[in-house]
Novice: 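Pasting in a structure now, in structure tokens, and then I'll have a few things to ask.
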Amino acid sequence: KLGIRPFSYGMEVEQVFQDGSVFPAAVLDISDDVLIQKFMSGIANMAAFSRELGIPTEAGLPHAFGNAFRNIAALVADIDFTFKEVEEVK
């Protein structure tokens, strides 16, 4: 009797204001590829930073194991002891 029906209301972004500059709304359109690339870059930076500080993190584990293998290979290179993984390096 009141004539009230379900409705929807929304706003559309036309301009973006940041630090005194105005940009078109298209700057908010980010593809999944760009987002993944930025995320992986952040992970790499975190791994490098934590390794520099000497704090072990999950992101830095592959680098830690690689460095450990290089150290072992350097030690084994001067002695008669060898194993399968180091034979390619010798």
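Computed from a predicted model, the values in this text were never measured in an experiment. Just so you know, residue 1 is the first one in the sequence shown, and it goes up from there.
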Novice: Membership question, hydrophobic clusters at under 4.5 Å side-chain separation (ILVMFWY): are F23 and V13 in the same one?
Specialist: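 Cluster IDs for V13 and F23 match.
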Novice: Applying the 4.5 Å side-chain criterion to the ILVMFWY set and letting contacts propagate, would L35 and F39 be lumped into a single cluster?
Specialist: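 No, L35 does not connect to F39 through the hydrophobic network.
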Novice: Minimum heavy-atom separation for R51 to G60, with atom names?
Specialist: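 That closest heavy-atom pairing would be CD-O, 4.2 Å.
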Novice: Within this structure, what is the CD1-CD1 distance for the pair I43 and I36, rounded to the nearest 0.5 Å?
Specialist: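 If we round to the nearest 0.5 Å, I43:CD1 and I36:CD1 are 12.5 Å apart.
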Novice: Is the count of non-hydrogen atoms from other residues, nucleotides or ligands lying under 6.0 Å from F17 atom CZ greater than 12?
Specialist: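 Counting other residues, nucleotides and ligands, CZ of F17 exceeds 12 neighbours.
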Novice: Would you confirm whether S41, through its side chain, and Q37, through its main-chain N or O, come within 3.5 Å as a donor-acceptor pair?
Specialist: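 Not confirmed, S41 side chain does not pair with Q37 backbone.
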Novice: Taking atom CD of Q15 as the centre, does the number of heavy atoms from other residues, nucleotides or ligands within less than 6.0 Å exceed 12?
Specialist: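 Correct, the count exceeds 12.
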Novice: Measuring from atom CG of N45 to atom CE of M40, what distance do you get when rounded to the nearest 0.5 angstrom?
Specialist: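 Reported value, rounded in 0.5 Å steps: 11.5 Å.
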Novice: Heavy-atom distance under 4.5 Å between the side chains of K38 and I30, does that happen here?
Specialist: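 K38 vs I30: side chains apart.
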Novice: For a quick test of reading the model, state the closest non-hydrogen atom pair linking T57 to S50 and the distance between them.
Specialist: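 It is OG1-OG, 3.1 Å.
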Novice: Where is the tightest heavy-atom contact between A59 and P62, given as atom of each residue plus distance?
Specialist: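 Shortest heavy-atom separation between A59 and P62 comes out as O-CD, 3.6 Å.
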